[in-house]
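Report on one structure; see the data block that follows.
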Amino acid sequence: GLVRCDAVMHWHRPARFRPLCPLLVSTPDGWRCSVRAADVRPFWGRALGVAGLAGLALWLALATGAFAFFRWGNELPVRWTDLAWPGHWSRVRTLQADRLFVRALVAFQQGRINEAYLALTSARQRDPRHYPANLLIGQITMFQGSHLFADEIFTRLRRDAPDLAYRTAVVYHDTLLMLLRHERLAAHSLAMAQEDPGHASLWVRSLLFAIRAGNLAPALVREQAAALAALSPHAQLLVEAEAEIGLGRPARAIELLRRPFSGPLNPVYLELQVARLAALGETAAAQTLLDFYGPLLGEFRHARAQFGLDRAAGDADAARATFRQLLGLVS
């Protein structure tokens, strides 16, 4: 009880040091150590515990202040745990990117293009993986003529967001279609016909459109032989017919298309075969083929194909009657 405590010599309230050192006691002569000088020892566990609690309290206070700043000062819908737990900090940047993306959409609607693009790029900077911002930037840059940069964005989106890969593929397809990038559209549709077998016939339909619009059949058949061989037999027949047309041999294409397909049947391919035959001026042969395929197409598909044939044949009365039939089927 005679050893003075150097640690609290200048403290106004030495008692506050007791949680760190239980050896400190109050005596009539002031605060003293309860053991001999040779027995004085540090209590590191208590020191670390107090320091940890003080640090935790400071951290919680900072997190609460940041929460108040973002939630009420910036009206950002963050949760307190998003700021208190470092593992959730990325969510704050995502929320900031979401708000900037909405701001960009509003600016686009109001015609403030520069402001909209700035907000969009800022959203992408806040969260480089922000899917909606990247998707829209990909479309915008493609419309601006930066095709390689846009293609890279769409490729990266399909890789980084596999759960949204189909949506990315469809948006990419539609953008290519609007810009008449037929060669790229054909390559994309051909690749998707293999990657997305559930919608293969729809991708083949786009492939055939791109081939016709860009006159790509001969080169495509030569360069993409392996990929084309992976398509269904009926799809291969339709591509082969387009190749014959591209080579200046429409008679050979008509010969291929006139024959009813005997393999596995798909209603989309049946409609495409009939429509292409009619487009080549063989409306009678197309009608015969449609009558043969009729029961396989179903009532609505058959009527829709018949409407197209009536228009191709220039029979307005028959077209109007078929159209009324179609309206009755969907009403």
Practice task
Run the numbers on Asn215 and Ile245 for side-chain contact (heavy atoms from CB on, under 4.5 Å), then give the verdict.
Solution key: CA-CA 9 Å; Asn215 192 23; Ile245 296 171; over 6 Å; no
Problem - Criterion side-chain contact (heavy atoms from CB on, under 4.5 Å) on Leu231 and Leu207, from CA distance to verdict - result: CA-CA 11 Å; Leu231 298 177; Leu207 169 65; 4.2 Å; yes
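Residues forming a ring-ring contact (aromatic ring centres under 6.0 Å, His included) with Phe108 (at least two apart in sequence, or on another chain): none. When the side chain to side chain donor-acceptor pair (under 3.5 Å) test is applied to Glu195, the partners found at least two apart in sequence or on another chain are Arg158. The ring-ring contact (aromatic ring centres under 6.0 Å, His included) search around Phe101 returns His130, not counting sequence neighbours. When the ring-ring contact (aromatic ring centres under 6.0 Å, His included) test is applied to His147, no partner is found at least two apart in sequence or on another chain. Here Tyr166 pairs with His199 under the ring-ring contact (aromatic ring centres under 6.0 Å, His included) rule; sequence neighbours left out.
For the 3.5 Å distance criterion, the side chains of Tyr172 and Arg167 fail to qualify, holding no donor opposite an acceptor. Side-chain contact, Tyr131 with Thr168: a donor N or O sits under 3.5 Å from an acceptor N or O.
Nearest heavy atom pair, residue Leu297 against residue His302, reads CB-N, 4.0 Å. Shown here for His173 and Ser189, the closest heavy-atom pair between the two residues is CD2-OG, 4.1 Å. The shortest non-hydrogen separation linking Trp203 to Asp196 is NE1-OD2, 3.0 Å. Across every non-hydrogen atom of Ala303 and Leu326, the tightest pair is CB-CD2, 3.7 Å. Residues Leu20 and Phe43 share a closest heavy-atom pair of O-CB, 3.4 Å. Residues Asn134 and Ile153 approach most closely at O-CG2, 3.4 Å, considering heavy atoms.
Applying the salt bridge (charged side-chain N to carboxylate O under 4.0 Å, His left out) test to pairs two or more places apart or on separate chains, none has a residue in residues 16-28. Among residues at least two apart or in separate chains, there is no salt bridge (charged side-chain N to carboxylate O under 4.0 Å, His left out) pair with a member in residues 225-234. Screening residues 128-143 for salt bridge (charged side-chain N to carboxylate O under 4.0 Å, His left out), with sequence neighbours left out, gives Arg129-Asp160. Each salt bridge (charged side-chain N to carboxylate O under 4.0 Å, His left out) pair with one or both residues in residues 45-58, not counting sequence neighbours, would appear here, but there are none.
Counting only distance, with no hydrogens or angles, the side chain of Gln236 and the backbone of Ala229 share a donor-acceptor pair below 3.5 Å. The main-chain N or O of Phe149 is never found under 3.5 Å from a side-chain atom of Ser146 such that the two would form a donor-acceptor pair. When atom types are taken as modelled, the side chain of Ser34 and the backbone of Val25 share no donor-acceptor pair closer than 3.5 angstrom.
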Tell me which donor-acceptor pairs under 3.5 Å the side chains of residues 261-279 have, and how far apart each pair is, sequence neighbours excluded?
unit_1	atom_1	unit_2	atom_2	d
Asn266	OD1	Val268	N	2.8
Glu271	OE1	Arg301	NH1	2.4
Glu271	OE1	Arg304	NH2	3.1
Glu271	OE2	Arg304	NE	3.2
Glu271	OE2	Arg304	NH2	3.0
Gln273	OE1	His234	NE2	2.9
Gln273	OE1	Tyr293	OH	3.0
Gln273	NE2	Leu257	O	2.7
Gln273	NE2	Arg259	O	3.0
Arg276	NE	Glu242	OE2	2.7
Arg276	NH2	Glu242	OE1	3.2

Give every donor-acceptor pair under 3.5 Å between a side-chain atom in residues 308-317 and any protein atom, sequence neighbours left out.
unit_1	atom_1	unit_2	atom_2	d
Asp310	OD1	Gln306	NE2	2.9
Asp310	OD2	Thr322	OG1	2.7
Asp315	OD1	Ala318	N	3.1
Asp317	OD1	Arg320	NH2	2.5

Hey, can you pull the donor-acceptor pairs under 3.5 Å for the side chains in residues 114-123, sequence neighbours left out?
unit_1	atom_1	unit_2	atom_2	d
Glu115	OE1	Arg112	NE	2.6
Glu115	OE2	Arg112	NH2	3.2
Thr121	OG1	Tyr117	O	3.1
Thr121	OG1	Leu118	O	2.9
Ser122	OG	Leu118	O	2.8

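For the side-chain hydrogen bond (donor to acceptor under 3.5 Å, both in side chains) criterion with Asp151, the lone passing option out of Arg156, His188, Arg181 is Arg181.
More than 12 non-hydrogen atoms from other residues, nucleotides or ligands lie less than 6.0 angstrom from CG of Leu327. For Gln194, the CD atom counts as densely surrounded, since its 6.0 Å shell holds more than 12 non-hydrogen atoms of other residues, nucleotides or ligands.
Ring planes of Phe307 and Phe323: tilted class, angle from 30 to 60°.
Between Val106 and Arg103 the shortest side-chain heavy-atom distance does not fall below 4.5 Å.
The hydrophobic clustering, which links ILVMFWY residues whose side-chain heavy atoms are closer than 4.5 Å, places Leu176 and Leu216 apart.
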